[in-house]
2 protein chains.
Amino acid sequence: MNATLTALAEPNRLRIVELLRDKPRPVGEIAKRLRLCQPQVSKHLRVLSDAGLVDVRPVAQQRIYQLRSEPFNELDTWLETFRRRVSDRMDRLEDLISERKAKKEREKDHGH
Amino acid sequence: MNATLTALAEPNRLRIVELLRDKPRPVGEIAKRLRLCQPQVSKHLRVLSDAGLVDVRPVAQQRIYQLRSEPFNELDTWLETFRRRVSDRMDRLEDLISERKAKKEREKDHGH
DNA sequence: GGAGAATATACCTGTCAAGGCATATTCAAG
DNA sequence: CTTGAATATGCCTTGACAGGTATATTCTCC
């Protein structure tokens, strides 16, 4: 999970991922389209590969990179845990404040 | 989008976000639960705040931090664009290879 | 208004990662 | 087997960022 986020956090890597969203591409094409130097692209792809975000397929001297679905599914699952909770926050905040006040009252009583 | 990912990529910030998922909390409580120093927590919360991931509410000398829903919704929307595409990749890869071969044939014919 | 709690900020330091550049590797084709 | 294309890797430098510590700020309460 953290590996996925770290990999996606880098702007150029995000661009690469969004480019690969359309279809698999060889390194050179990615470099050309994003106007990046080839070594940098290879390095970014290495990071993405280590994070499990992409797969490689050799075709002649080319290496075709493609997205993998798992990390995105995991990210989606993780996001799910934020769905309803977030909409309930306001109420919970009120609860917290009430609790806090009540606690303070209790302490005050206890002190005397 | 990139701001969101960058903010979430840091392990301790991710822990903070996951802690806030349950309910809003003051700085001190976050520090205690995650066994982090208070200044570091404040700094992380600053980053999260700048990225729009959290809101603050002063209550006495405390500052109650809570998650905001927008960035998570945006992240979810972004993820949506990867849903179907990823499952189509295999076919597209085949297409790419076919195209590539066809192109090569064409070049060969043209050369002669 | 003085003391102490809760939090934010400033400064320093070390680490890590991204870019630039040169070079190694692998493969196709003549 | 030599050449050139496509890609990966190694080394170096630099900038950003996280942690540590001290200090500033803000509020409550007496």
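Predicted model only: the values in this text are computed from it and were never measured. Computed over heavy atoms, backbone and side chain alike; hydrogens, waters and symmetry mates excluded. Throughout, a chain's letter reflects where its sequence line sits, starting with A, and its residues are numbered from 1.
No donor-acceptor pair closer than 3.5 Å links the side chain of Arg25(A) to the backbone N or O of Ile30(A). The backbone N or O of Asn73(B) lies less than 3.5 Å from a partner atom in the side chain of Thr77(B), making a donor-acceptor pair. No side-chain donor-acceptor contact under 3.5 Å links Arg63(A) to the backbone of Val56(A).
Looking at Leu75(B) and Leu8(B), their side chains come closer than 4.5 Å, going by heavy atoms from C-beta outward. Within the 4.5 Å cutoff, the side chain of Asp76(B) has no heavy atoms near those of the Phe82(A) side chain. At a threshold of 4.5 Å between non-hydrogen side-chain atoms, the residues Asn12(B) and Leu34(B) do not count as touching.
When the nucleotides dG20(D), dA6(D), dA8(D) are ranked by their closest atom to the side chain of Gln62(A), dA6(D) comes out on top. Taking the side chain of Gln40(B) as heavy atoms from C-beta on, and the options dT7(D), dT21(D), dT7(C), the nearest nucleotide is dT21(D).
Regarding Gln38(A), its CD atom lies at a distance of 15 Å from the C1' atom of dA18(C), rounded to whole Å. Straight-line distance from the CG atom of Leu48(A) to the C1' atom of dA18(C): 14 Å, rounded to whole Å. The CZ-C1' distance, from Arg63(A) to dC27(C), rounds to 10 Å in whole Å. Between the CG atom of Leu14(A) and the P atom of dA18(C) there is a distance of 13 Å, rounded to whole Å. Regarding Gln61(A), its CD atom lies at a distance of 6 Å from the C1' atom of dA6(D), rounded to whole Å. Straight-line distance from the CD1 atom of Ile30(B) to the P atom of dT7(C): 9 Å, rounded to whole Å. Rounded to whole angstrom, the span from the CG atom of Asp50(B) across to the P atom of dA18(D) amounts to 12 Å. Put simply, CG on Leu45(B) is 11 Å from P on dT9(C), counting in whole angstrom units.
For the pair His44(B) and dC17(D), the criterion of a side-chain N or O lying under 4.0 Å from OP1 or OP2 is not met. Tyr65(A) has no side-chain polar atom (N or O) that falls below the 4.0 Å cut-off from OP1 or OP2 of dA6(D).
Of the residues in residues 3-13 of chain A, not one places a heavy atom less than 4.0 Å from an atom of DNA chain D.
Comparing Arg46(B) and Lys43(A), the nucleotide of DNA chain C nearest to each residue sits closer to the 5' end for Arg46(B).
The pair Glu80(B)-Arg83(B) counts as a salt bridge, with a side-chain nitrogen and a carboxylate oxygen less than 4.0 angstrom apart.
Pro39(A) comes within 4.0 angstrom of a base, heavy atoms only.
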